[in-house]
Each structure stands twice: as C-alpha cells, then as structure tokens.
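Within every chain, numbering begins at 1; the chains are lettered A, B, ... in the order of the sequence lines, protein sequences first and strands thereafter.
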Protein chains: 2
Amino acid sequence: MKFLLFTFVGVRLLFLNSGKAIYRNDTSQRTFEEIKEEIARYGDVAKAIIDLAVYGKAQNRSYERLALLVDTVGPRLSGSKSLEKAIQIMYQNLKEDGLENVHLEPVKIPHWERGEESAVMLEPRMHKMAILGLGNSIGTPPEGITAEVLVVTSFDELQRRAPEAKGKIVVYNQPYANYSKTVEYRVQGAVEAAKVGALASLIRSVASFSIYSPHTGVQEYQEGVPKIPTACITVEDAEMMSRMVSHGSRIVIQLKMGAKNYADADSFNTVAEIIGSKYPEQVVLVSGHLDSWDVGQGAMDDGGGAFISWEALSLIKDLGLRPKRTLRLVLWTAEEQGGVGAFQYYQSHKANISNYSLVMESDGGTFLPYGLQFTGSDKARAIMKEVMGLLQPVNVTQVFSDGEGADINFWIQAGVPGASLLDDLYKYFSFHHSQGDTMTVMDPKEMSVAAAVWAVVSYVVADLEEMLPRS
Amino acid sequence: MKFLLFTFVGVRLLFLNSGKAIYRNDTSQRTFEEIKEEIARYGDVAKAIIDLAVYGKAQNRSYERLALLVDTVGPRLSGSKSLEKAIQIMYQNLKEDGLENVHLEPVKIPHWERGEESAVMLEPRMHKMAILGLGNSIGTPPEGITAEVLVVTSFDELQRRAPEAKGKIVVYNQPYANYSKTVEYRVQGAVEAAKVGALASLIRSVASFSIYSPHTGVQEYQEGVPKIPTACITVEDAEMMSRMVSHGSRIVIQLKMGAKNYADADSFNTVAEIIGSKYPEQVVLVSGHLDSWDVGQGAMDDGGGAFISWEALSLIKDLGLRPKRTLRLVLWTAEEQGGVGAFQYYQSHKANISNYSLVMESDGGTFLPYGLQFTGSDKARAIMKEVMGLLQPVNVTQVFSDGEGADINFWIQAGVPGASLLDDLYKYFSFHHSQGDTMTVMDPKEMSVAAAVWAVVSYVVADLEEMLPRS
C-alpha cells in the first residue's frame with residue numbers, strides 16, 4: 001500500500017500544479033470566505049453525527065464496546081498475552097463493523113513483566129508500602145535490597161547531597177507541578193540516583209490527587225550508568241518520609257522487585273479505513289493506543305481514545321457517509337513504551353507524508369471535551385476553528401494549542417497538522433497509570449460527546465475540497 | 001470523681017431552686033436579649049482565640065502534633081499495640097501541655113486482626129482484587145473459599161434471588177446513596193448473605209469516590225445466623241462484576257482471609273481538663289476518638305477530631321483563660337468497634353448527667369468547617385446561633401441540625417445538647433476507612449480554623465452564666 005500511495009502523490013502533485021480547482025491542494029487559491037462557506041455547509045452532517053452519537057441509537061455505544069473489551073481482557077501491557085488477545089478481538093470487531101481495509105501491521109515491541117514486588121519500611125516503624133515498579137526496571141536480588149533512605153525533593157537537592165546517597169535508597173518527594181514537568185522524576189529518577197551511588201530509587205507518583213494510589217509508567221536507563229531497581233510510591237508515603245526525616249528519624253526500607261525484561265515480542269498496529277471517494281490516497285488519520293499499563297483496565301488510557309476513534313468511523317459509516325479522503329483508524333501498539341508502534345508506522349508510511357491532511361490522536365481522556373487541541377499553520381488553525389463551530393450543538397467549539405500526542409508527534413514534527421482532545425486533566429492524572437484506570441472513570445454520555453467531536457472533525461477535514469494547508 | 005461530682009449536683013440543684021442568679025441554671029429566668037448581650041461580650045475573647053489558632057504562634061500546631069503522632073505510631077486499631085502506644089503518648093502530651101486532671105479511664109475493647117488476605121478472580125479471567133476484610137469478620141480456611149459469585153445490587157434483589165445464593169459468594173454492588181443509608185450493606189451484608197446460604201460476602205466499598213480503594217469498617221454478625229467471612233471490594237470491581245454477569249460471564253473467586261478475633265484487650269479513654277473556676281462540677285465535653293482502622297494513618301478519622309479537641313483546650317490555656325465550667329477533653333478508645341470507650345464512659349459518668357451542659361465530638365473531618373451541627377432544644381439552638389456569630393472573623397457561623405456523633409449519642413439521647421462539626425463529606429467519604437486516610441488529606445490551615453471554632457464554642461458555652469437549656 002505504501003508504494004501505491006506514493007504513485008498517487010505524484011499524480012496529485014501534477015494536477016495541483018496545473019491549477020485545476022478539482023485537484024488543487026493549496027488554500028491560497030481560494031479566499032478564506034469561500035472555505036468558511038464550504039465548512040458551513042456541513043452543519044446538517046454535523047447535526048446528524050451528533051444526533052446519532054449522543055441521542056440516537058449509537059448513544060453509549062463506544063462506552064459499551066470499550067467495557068466489553070476491557071472487562072474481557074483486562075489491562076494490556078506491551079508484550080503481554082492480553083494485548084495480543086485485545087488486538088485479535090479488535091481486528092474481528094472492525095471487520096464485523098463493516099469497515100474497509102482492516103488489517104494488522106507488524107511491530108516488534110518490548111516485553112517487560114513486573115513480577116511480585118513489595119516495599120516494607122522496617123524503621124522507624126513497620127509499614128507495608130504500596131508500590132508499582134516502573135516500566136523496564138530491573139528487579140532486585142531475591143532477598144531484596146535493604147537500605148537506609150535518603151529523601152530529596154528535587155534533582156538539585158540530590159546533587160547537593162550526593163555524598164549522602166551512596167549505598168542508600170533514594171526517595172524522591174518532588175511536589176506535583178504539572179505532568180510534563182514532574183514526570184521527569186519518574187523517567188530520570190533512577191539514572192540520577194544511580195549516578196550518585198544509590199542502590200535503588202523510589203519515586204513519588206506523578207499524580208494530581210491520591211487515595212494512596214501508586215502510578216506506574218516508563219523510566220529510562222542511560223548507557224554507562226548502572227541500572228538500579230526503581231518503583232513509584234504513593235504521594236502519601238513520600239510526604240510521610242519527608243516528615244519523618246525532618247523529625248530526625250532514620251528510615252530503612254526493604255525493597256523486593258521480581259521485574260524482568262524479556263526479548264521483544266511480536267505485535268501489531270491495528271488499522272481500518274473508510275476509503276476516500278475522491279482522493280483515496282489522501283488521509284485523515286484518527287487514533288488512540290490499544291496497549292496500556294498492567295494495572296486497572298487501561299479504560300481511560302487509552303481505551304477511551306481508541307474507542308472514540310473507532311466510533312468516529314462507525315458513526316460516519318452508519319450515516320452512509322464517505323468523505324473525499326480516506327479516513328484511517330490506527331490503534332497503536334506499545335505507546336506506553338515510547339510510541340513503539342507509532343514509530344514503526346511512521347517509518348513504514350512517511351514516504352507518503354504529503355498525503356496526510358491531518359493526524360489525530362485522543363490520549364488525554366475522553367471525558368466531556370473542553371475543545372480541540374491543534375498544532376498547525378495559522379491558516380489551518382483558522383479552518384479548524386470553523387470546523388469546530390459545527391460542534392455548537394454540543395457546546396464544544398474551542399480550539400486550543402498543543403495538538404501533539406505521543407503517537408502522532410513524528411508526523412507533526414515533519415509538518416503535518418495534528419489534533420487531540422482537551423478535557424479535565426486534573427481528573428485524568430488522578431487515575432493515570434494506576435489501578436484506578438477502570439470503566440468506573442468513564443462516562444457513556446461524555447464518551448459519546450467526545451466521539452461526536454472526533455467524528456465531525458475527522459469527517460469534515462477528510463471531506464473538504466482541499467487538504468489542510470501546512471506552514 | 002464520679003461521686004464527688006454527684007454531690008456538687010445536689011448542691012447546685014438546691015441553689016437553682018432557690019432562684020439565686022449566681023447558681024441558677026434555667027435561662028427562662030433571663031430574657032433572650034440578656035443572653036445575647038452576654039454572648040456578644042465574648043467578641044474579644046473569640047478574636048483572641050482565632051488570632052492565636054489561625055494566625056498566631058499556634059498556627060499549624062494541631063496539624064503538626066497530629067502528624068508527629070500518626071507518623072510515629074501509624075494506624076491505631078482497637079486492641080493493637082499501636083493504639084496502646086498512642087494512648088501512652090497522648091497521656092504524656094497532655095501532661096506536658098500543662099492540662100489538668102490528666103488521667104486514663106480503663107475500658108475493655110475488642111481485639112480483631114485481619115491477618116493476610118486476598119481475593120483472586122479465577123473466571124472469567126485472572127484478576128487480583130484489592131480487598132479489606134471487615135471488622136470482626138471470621139477468616140476463611142487456610143485454603144480459602146473458592147466459589148461462584150452471585151452479584152446483587154440490593155438486599156431486595158438478594159431476597160428475590162435467594163435460591164441462587166446457596167454455596168456462592170455474594171457480591172453486593174449497591175449504588176452509593178449516602179453514608180448512613182449505604183453503610184447498611186457493609187454492616188448487614190454478611191448476615192443477609194448467610195441467611196440465604198452464601199459461603200462469604202464481598203461488599204462494594206461505601207465511598208463517594210474511588211481510585212480502586214477498598215474501605216473497611218465494622219460489620220455485625222447476628223445470633224443464630226452462621227458467621228461467614230466478609231470483606232469489602234472496590235467500587236471498580238463491584239461494577240465490573242455486575243457488567244460481567246450482564247454479559248453472561250460466570251465469575252469464580254478464591255477468597256482467603258486470615259482474620260482472627262481475640263479476647264478483649266485493656267485500653268483507656270484519655271481525659272484532661274481545664275477545671276472550671278465557678279462551677280467546676282459542670283462540664284462541657286469536647287472529644288474525638290484516638291483509635292482508627294488498621295489502614296492509612298487514621299489521620300482524618302479521627303486524628304483530626306481528637307487533635308482539634310486537644311487544641312481547643314491548649315488554646316484556652318495558652319490565653320490564660322479559665323471558664324466557669326470545667327472543659328473536659330476525652331479521647332475515646334474503640335469508637336470504630338461501636339463506641340466501646342464512649343459507652344463505658346457513659347456508664348461511669350451518667351449519674352452526673354445533669355451537670356453536662358454540652359457534649360461535643362468532631363468525627364466527620366476537620367477540613368474547612370461549613371458550620372456547627374447541633375442537637376438540642378430550640379432555646380439552646382438560639383443560644384448556639386449567637387455563639388457561632390462570634391466566629392464571623394473566620395466566616396464559620398452557621399448552625400445546622402444533627403449534632404449527633406457515635407461517642408456522644410448516649411448523652412444526646414438522654415437529653416444533653418450535642419454538637420459536631422460539618423465539613424465536606426464528599427471528600428471525607430472518599431478517604432474514610434481506606435489506606436488514603438493519611439496526613440496528606442489534612443490541611444494545617446483548615447485544621448486551625450476547625451480548632452478555633454471548637455475552642456470558641458466550647459469556651460463560651462463553658463463560661464456562660466447558665467448551662468444550656470434542655471428540652
């Protein structure tokens with residue numbers, strides 16, 4: 001398919017240069033008023049999508065489909081049997097839904113298992129701590145690591161107190177600023193602790209709210225720095241240990257982790273389409289990732305994103321619509337391990353990058369959307385604002401910045417416009433990568449509204465006469 | 001002390017009947033305007049208490065004192081060594097604080113330990129479930145109980161489906177209405193399940209919000225009904241099992257509980273006073289309970305209530321104030337097992353009931369108070385409204401109904417006016433009886449405001465010329 005598309009590109013570019021309106025691909029040839037008028041004509045289609053998704057027979061569908069999958073297979077860690085099963089089920093689901101060109105694209109993905117793990121405070125008092133080992137952490141020896149604790153609240157403090165760290169377990173009690181800033185402690189905490197001679201590191205969970213809830217996630221070892229076991233602890237225990245040392249207590253912890261890294265496993269990105277009627281080689285990509293961490297059900301991260309993306313295509317198909325461009329659904333594999341599936345996809349498809357009008361990923365929750373996040377040229381943004389105006393009936397019309405997403409960034413960085421959904425991130429990061437990421441977090445009505453937004457945006461952009469203009 | 005006070009009562013009642021203003025105890029002898037004026041004169045004292053508690057040198061004190069205790073001893077289950085240790089520490093704390101008549105009053109309390117416990121879903125898929133055995137539940141045999149699950153959403157449904165329950169594990173997935181209503185499932189769930197032949201019962205946690213958090217608490221067996229093991233599960237797992245059976249799945253769970261009941265243990269209610277200057281035999285009682293469940297730190301339930309009660313006396317003492325009546329602090333033991341310490345106290349002291357002007361208990365959180373909850377006569381309520389008017393500087397002036405509390409109800413039911421604090425119960429029941437009940441929930445400023453309210457109310461009521469009028 002890659003080469004076929006490449007051929008189409010050449011044809012399209014020829015027509016484009018010839019200036020024929022029917023194939024032209026540069027909005028500069030039309031006034032913005034003309035484009036506005038074109039978009040305004042989608043009002044009825046948008047209403048039909050909204051009616052079907054939010055009030056009609058598809059009401060609750062994305063929620064119910066998601067519940068059935070995640071109740072059946074549970075969480076879907078990269079390399080696990082349950083991810084493999086989920087992919088096979090989704091392949092069948094998409095086939096049975098009547099979508100087109102349903103297929104799997106192979107990817108080699110990391111295979112890490114946490115095994116049994118525990119952390120027990122032995123001094124100043126016995127206290128069994130909740131932990132979650134971090135992704136691709138090594139394990140401890142079977143007898144565990146028993147050591148005194150050094151508590152720090154920042155990398156700076158760790159540097160200042162570097163001579164104290166040797167032979168200890170470093171506990172990070174960094175305050176929560178925001179996810180992108182604070183997550184550095186989860187990702188880099190082990191490496192920084194190892195550099196100053198620590199035996200292990202325990203990192204305060206990167207969470208906006210806690211009911212004694214550890215939150216796992218990926219961490220990265222560094223070439224030339226010893227690998228040490230690393231896990232997240234709860235906000236509560238991190239804060240308590242800070243208080244304990246401020247009162248002069250010596251803390252000793254026994255950490256046991258059975259974590260193991262295995263050889264890469266076989267996996268797949270799952271793809272389905274509604275093939276475009278006029279420019280089938282051109283693509284609007286809608287996506288979410290099917291893998292999750294091995295806790296909870298991966299319902300929110302990113303079951304919701306994956307299932308509203310499927311729902312977008314389902315809604316459009318159910319209404320008998322077929323956009324001019326191809327609407328392509330991709331359910332990524334191994335996003336949590338660093339966008340592994342998405343990187344493979346980009347490598348396989350980037351030759352056709354000029355055919356990608358818009359790449360969309362929902363991976364920040366499918367609660368009631370505040371609006372669309374978008375990254376692209378000013379001209380494209382102006383168009384997106386008009387498109388979002390079609391969502392007035394559900395009162396989700398705003399266009400924010402930062403359309404990036406882990407799985408679509410490869411494309412965005414190469415100049416393709418990108419979009420994601422914005423919702424309540426405080427809520428999102430309360431459950432993120434924790435046992436609390438289950439269907440209980442999800443709301444059928446909110447998912448339906450998110451799906452309607454997703455469907456209207458992807459359909460209209462795929463059906464406009466021209467691709468979105470790039471910078 | 002009991003008999004000494006009783007003598008005073010006799011004397012006081014004589015004076016009361018004689019109609020002498022100085023000992024009279026019936027507000028009907030004064031107009032409400034006179035009482036209003038008397039209360040208004042406490043404006044400066046109230047400001048001084050507020051200044052010291054919220055802005056002055058006592059700022060953060062109740063929080064810091066609480067943190068030191070609960071970090072040191074952890075949770076304080078009835079019958080545990082840590083509760084014993086906490087009582088000894090508090091006895092020393094109150095002595096060192098310079099309070100009067102610091103002493104311990106013996107109580108026999110229940111001693112139950114949860115031991116190791118686990119629940120694993122074996123069908124339709126492997127899933128380790130978070131559970132917390134319920135107070136005084138029996139354990140399972142060492143090999144556990146492995147049985148099919150019957151999911152019900154109400155006692156009514158259980159009755160309708162009674163023939164299906166025999167030999168099964170009953171799972172209750174009752175929706176959360178409010179605590180007092182929904183807690184019936186935790187308290188009675190095992191008995192109702194046992195009546196229809198179930199082998200064990202698992203109860204959806206009684207919680208307003210969940211991050212996969214089980215919430216423990218007491219449950220009650222019934223004479224003549226077989227005792228079966230019972231634990232709470234998370235809201236998430238209860239909802240998932242409901243969905244699973246609605247999709248036709250058969251659920252099998254293996255439940256293991258090492259819970260054991262031991263002989264009653266020795267414990268104490270912890271008492272301290274500021275002895276009244278004029279009517280030392282008359283009492284305003286302020287209280288919270290020192291015991292907790294064996295999860296988290298018991299910081300919110302009821303460390304906060306116990307420590308703002310102590311703080312109330314500390315603030316009054318620090319300001320060199322001594323009310324006309326005795327201010328008595330009681331830190332109850334074994335509240336969680338059904339107000340065991342409070343019942344013993346009532347038995348020991350009820351002969352002096354006519355000397356109790358007001359009984360106060362904070363056991364619903366010490367977040368920013370919405371106001372005071374009060375149970376008493378209309379006349380007494382009118383007086384409390386005036387007293388709460390003194391708290392205008394911290395904007396906590398409202399008087400609500402329902403002043404009851406587990407440890408003061410014995411007195412309230414016998415006609416003594418009772419008061420408690422009202423705050424954000426949604427937040428409270430998010431952490432209640434869970435691992436999340438830690439210092440992280442607590443806020444120093446909010447505790448200081450709660451302590452100021454507690455101190456002003458208890459001091460002014462203890463210092464008014466007359467006791468609060470009863471019905």
Side-chain angles (χ1 to χ4, degrees), chain A residues 63-64 66-68 70-75 81-82 85 116 121 124-130 173 204-205 207-215 234-249 251 294-297 299 427 430-432 434-442, chain B residues 63-64 66-68 70-75 81-82 85 116 121 124-130 173 204-205 207-215 234-249 251 294-297 299 427 430-432 434-442:
Chain A
Y63 172 94
E64 282 163 9
L66 174 60
L68 188 56
V70 303
D71 289 346
T72 303
V73 305
K81 291 281 170 209
S82 58
K85 190 172 170 190
E116 293 294 317
M121 184 184 286
R125 66 175 170 91
M126 281 293 291
H127 170 52
K128 284 190 196 175
M129 301 164 65
N173 178 29
R204 172 177 160 147
S205 288
S208 46
F209 177 82
S210 181
I211 306 182
Y212 200 68
S213 335
H215 296 240
T234 63
V235 170
E236 289 90 335
D237 279 337
E239 291 190 346
M240 182 174 73
M241 286 193 272
S242 268
R243 289 193 304 271
M244 282 174 161
V245 295
S246 79
H247 288 132
S249 293
I251 302 172
D294 57 338
V295 290
Q297 298 188 292
K427 181 173 174 183
S430 299
F431 300 104
H432 182 246
S434 82
Q435 295 284 7
D437 180 353
T438 69
M439 285 309 293
T440 295
V441 180
M442 311 303 287
Chain B
Y63 173 93
E64 283 164 8
L66 175 60
L68 188 56
V70 303
D71 288 348
T72 302
V73 305
K81 291 282 172 209
S82 59
K85 191 173 169 188
E116 294 293 317
M121 184 185 286
R125 66 174 169 90
M126 279 292 291
H127 169 52
K128 284 189 197 176
M129 301 165 65
N173 179 30
R204 171 177 162 148
S205 287
S208 45
F209 178 82
S210 181
I211 306 182
Y212 201 67
S213 333
H215 296 241
T234 63
V235 170
E236 288 90 335
D237 280 336
E239 290 189 346
M240 181 173 74
M241 286 192 272
S242 268
R243 289 193 304 270
M244 283 173 160
V245 295
S246 79
H247 288 131
S249 293
I251 302 173
D294 57 337
V295 290
Q297 298 189 291
K427 181 172 175 184
S430 298
F431 299 104
H432 183 247
S434 83
Q435 296 284 7
D437 180 353
T438 69
M439 285 309 294
T440 295
V441 180
M442 311 302 288

Next on the checklist: Which atoms of E239(A) are under 4.5 Å from chain B, going by heavy atoms: the side chain, the backbone, both sets, or neither?
Outcome noted: side chain
Checklist outcome for this item: CD of E64(B) to NE2 of H247(A), rounded to nearest 0.5 Å, is 7.0 Å
Checklist entry - Does the side chain of E236(B) come within less than 4.5 Å of Q297(A)'s, by heavy atoms? => result no
Item to check | Residue part contacting chain B, namely of T72(A), when any heavy atom lies under 4.5 Å | outcome: backbone
Item to check | pair T440(A)-S210(B): side-chain heavy atoms closer than 4.5 Å | outcome: no
Item to check | Region of V295(B) in contact with chain A, defined by heavy-atom distances below 4.5 Å | outcome: neither
Checklist entry - Highest number of heavy-atom pairs under 4.5 Å with chain B: which of D437(A), V73(A), T234(A), D237(A)? => result V73(A)
Next on the checklist: Tell me whether the rings of F209(A) and F209(B) are parallel (<30°), tilted (30 to 60°) or perpendicular (>60°).
Outcome noted: perpendicular
Checklist entry - Would a distance-only check, ignoring hydrogens and angles, find a side-chain to backbone donor-acceptor pair under 3.5 Å from R125(A) to D71(B)? => result yes
Checklist entry - Between V441(B) and chain A, which part of the residue has a heavy atom less than 4.5 Å away: side chain, backbone, both or neither? => result neither
Item to check | Interchain contact, H127(B) with chain A, by part (heavy-atom threshold 4.5 Å) | outcome: neither
Next on the checklist: What part of S213(B) gets within 4.5 angstrom of chain A, counting heavy atoms only: side chain, backbone, both, or neither?
Outcome noted: side chain
Checklist entry - How far does NE2 of H215(A) sit from CD1 of I211(B), to the nearest 0.5 angstrom? => result 5.5 Å
Item to check | Contacting region of S82(B) [heavy-atom separation from chain A under 4.5 Å] | outcome: neither
